[in-house]
Amino acid sequence: MMAGLKRFLWLWLPPLAIVLIGLWRAWLTGQADPWDWGLPMALLLAGAGLLLARRGPAILTWVGMGGVGMALLFCTVAAGRAPDGMAALGLLAVALLAVFGGATLRHSLFASSEGEKPGANTSRLRSKRTGLGMIFLVLAALLLWRGPAQPLQPVPDRPRLAVITGLPLFWNEAGPQDAPIVKLLRTRFTVIPIDDPVQLRASGARRLLLAQPRALTPAQLVAIDKWVGAGGTALVLADPLLRWPSDLPLGDRRRAPSTSLLGALLDHWGVAPPGVVDQAEIRHFLPDGPLITLSGAGRSGDAVMQRKRIGKGAVLLLGDADPLDDRLWLADPVYSLDPRHWVADTPALVVQWLGGASIPGDRRWMREAQDVTRAIRWALLAGTIWAIVGAIRLRLERRGPAPGTKGEDGGAKDNNSS
């Protein structure tokens with residue numbers, strides 16, 4: 001009884017620890033990314049390999065597969081879709097390399113205590129095992145380094161992007177400083193901040209980010225209208241209830257407008273201004289899967305984004321400017337170019353809407369709280385069943401063939417017949 005319980009715990013506890021530690025990392029961003037379990041998978045399974053090396057490859061494989069299966073099942077249920085195939089295969093490779101790397105090192109480091117007689121052949125064997133174990137662990141480390149999504153690098157051909165805004169995108173209270181969203185946009189565009197829309201034509205830009213600008217004169221509004229009609233593409237963020245936090249006092253002219261001042265221009269274009277305002281901060285999933293976090297957003301009907309052709313150009317209207325705030329799409333401002341630290345697809349969507357070079361990666365996101373709870377339950381249930389089946393299988397293997405089988409009785413029958 002105690003032996004069976006021991007086998008069950010060896011098969012259940014390492015995968016359980018892997019899932020719980022990886023869940024903490026995934027919870028920081030809300031991404032259901034198998035690579036979030038990669039580092040705890042490698043460290044814990046390498047340790048498990050060291051401890052369980054004498055129990056044979058079957059239990060090592062069973063432990064590794066259990067950890068991978070629980071993590072992938074959680075990602076599938078929490079996100080409502082299967083994880084990326086390459087990420088799943090990469091996690092499986094890390095698990096097997098780590099557990100067998102640890103086991104191989106155990107055989108090389110403790111060969112004498114495991115009954116191997118000292119000698120020249122034993123020394124060579126130990127050296128080979130040590131080298132093989134290190135190769136396994138180095139390969140696992142390389143997969144952890146290069147397998148997940150990599151930080152964004154600037155593309156060679158970056159079209160010009162004009163930016164007209166009253167938001168603190170190019171400065172903060174301390175002075176000039178690019179906001180994280182601008183740092184990211186610079187990898188896909190040549191960003192040109194413009195104070196006066198009359199300068200649009202001279203800038204040579206064919207794309208415009210018009211994000212919650214301050215009050216514009218009629219001449220400036222006409223300049224924007226003519227620029228769009230001549231073939232420009234404008235992404236307009238007109239927020240009826242801006243919640244972007246600021247330490248500046250009310251009435252300070254450096255503060256962004258608390259409500260959109262583009263009503264006249266939107267009326268001229270025939271774009272319906274946002275009518276219904278969502279007071280709460282919401283995680284909004286677009287029909288094709290990407291996630292954007294909205295706060296105090298204005299909607300026209302059920303649509304969050306409106307598109308309309310204006311002459312030779314186009315206008316895209318979003319009734320919220322708060323999504324550009326890094327607090328709504330980034331877990332750590334230091335890593336604005338690393339998609340693994342994003343908490344929403346906002347940067348990729350902005351780049352897509354502006355027609356820039358696409359940002360690679362199809363991120364899966366945890367959906368609602370009840371989905372996460374259900375995912376944890378299914379992962380724990382599956383891990384428990386996996387450990388029970390593994391413990392039973394190991395017990396049967398240790399017992400050997402059952403009496404009456406050919407392996408045991410065949411020889412006796414032959415002897416009796418003779």
Side-chain angles (χ1 to χ4, degrees), residues 28-31 33 35 145-146 148-195 199-200 203-214 233-237 239 242-248 254-256 283 290-295 316 318 320-363 365:
L28 295 177
T29 63
Q31 295 191 36
D33 181 4
W35 287 114
W145 176 39
R146 301 302 299 177
Q150 300 298 303
L152 300 179
Q153 299 297 326
V155 297
D157 297 320
R158 298 191 293 276
R160 296 182 179 184
L161 170 65
V163 179
I164 301 175
T165 183
L167 302 172
L169 299 184
F170 300 97
W171 57 272
N172 58 21
E173 281 78 357
Q177 182 179 351
D178 283 350
I181 189 68
V182 173
K183 294 177 182 178
L184 189 142
L185 289 175
R186 290 191 189 277
T187 69
R188 294 299 186 267
F189 304 97
T190 299
V191 178
I192 306 172
I194 292 179
D195 292 325
Q199 302 169 353
L200 268 174
S203 69
R206 306 306 300 163
R207 296 164 176 83
L208 169 64
L209 175 59
L210 185 60
Q212 200 76 353
R214 296 183 174 86
T233 298
L235 173 59
V236 181
L237 306 184
D239 197 328
L242 185 71
R243 291 179 170 173
W244 198 301
S246 175
D247 294 330
L248 297 173
R254 292 173 295 175
R255 286 181 66 101
R283 299 170 75 239
L291 168 68
I292 184 171
T293 304
L294 304 173
S295 179
L316 295 85
L318 178 66
D320 195 0
D322 287 301
L324 298 186
D325 183 359
D326 57 274
R327 285 162 283 239
L328 297 188
W329 65 268
L330 186 59
D332 189 339
V334 176
Y335 302 103
S336 60
L337 301 184
D338 189 346
R340 296 193 66 203
H341 290 268
W342 296 357
V343 299
D345 285 310
T346 304
L349 289 172
V350 171
V351 169
Q352 175 187 331
W353 291 333
L354 289 169
S358 63
I359 294 176
D362 182 14
R363 285 157 291 281
W365 301 96

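The figures here come from the full heavy-atom set of this structure, side chains too, leaving out hydrogens, waters and symmetry mates.
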Practice task
Evaluate the criterion side-chain contact (heavy atoms from CB on, under 4.5 Å) for residue pair Val351 and Leu185; output intermediate values, then yes/no.
Solution key: CA-CA 7 Å; Val351 169; Leu185 289 175; 4.0 Å; yes

Problem - Check ion pair Asp178-Arg186 (N to O, under 4.0 angstrom) - result: yes

Handout entry: Asp338 with Arg340: basic N within carboxylate O range, under 4.0 Å
Key = no

Could you check whether any side-chain N or O of [X] sits under 3.5 Å from a backbone N or O of [Y], counting only pairs where one atom can act as donor and the other as acceptor?
X	Y	result
Arg188	Ala357	yes
Thr187	Pro154	no
Ser358	Pro360	no
Thr293	Arg283	no
Gln352	Pro347	no

Do [X] and [Y] have side chains that approach each other closer than 4.5 Å (heavy atoms only, starting at C-beta)?
X	Y	answer
Leu200	Leu208	yes
Trp329	Leu324	no
Pro245	Asp325	yes
Leu161	Ile192	no
Val236	Leu316	no
Leu330	Pro180	yes

Exercise for the section: Specify whether His341 and Tyr335 have parallel, tilted or perpendicular ring planes, treating 30° as the upper limit for parallel and 60° as the lower limit for perpendicular. Expected result: parallel

Separation between [atom1] of [X] and [atom2] of [Y], rounded to the nearest 0.5 Å:
X	Y	atom1	atom2	value
Asp326	Asp332	CG	CG	9.5 Å
Leu209	Thr165	CG	OG1	7.0 Å
Leu354	Thr233	CG	OG1	8.5 Å

Problem - Candidates Leu242, Asp320, Ile164 - the one meeting side chain to side chain contact (heavy atoms under 4.5 Å, CB included) with Gln212 - result: Leu242

Problem - Residue that, paired with Asp322, satisfies side chain to side chain contact (heavy atoms under 4.5 Å, CB included) out of Leu294, Leu328, Leu237 - result: Leu328

Write down the atom of [X], the atom of [Y], and the distance for their closest heavy-atom approach.
X	Y	value
Pro159	Arg207	CB-NH1, 3.3 Å
Trp145	Gln150	O-NE2, 3.2 Å
Asp345	Pro290	OD2-CA, 3.3 Å
Ser295	Asp239	O-OD2, 4.3 Å
Trp342	Gln31	O-NE2, 3.0 Å
Val155	Arg158	O-NH1, 2.8 Å

Problem - Atom CG of Asp362 with >12 non-hydrogen neighbours under 6.0 angstrom - result: yes

Exercise for the section: Would you sort out whether Ile194 and Val163 count as a side-chain contact (heavy atoms from CB on, under 4.5 Å), showing the intermediate values? Expected result: CA-CA 6 Å; Ile194 292 179; Val163 179; over 6 Å; no

Practice task
Determine, step by step, whether Ile292 and Leu318 satisfy the side-chain contact (heavy atoms from CB on, under 4.5 Å) criterion, reporting the C-alpha distance in whole Å, the side-chain angles of both residues, the deciding distance to 0.1 Å, and the verdict.
Solution key: CA-CA 11 Å; Ile292 184 171; Leu318 178 66; 4.2 Å; yes

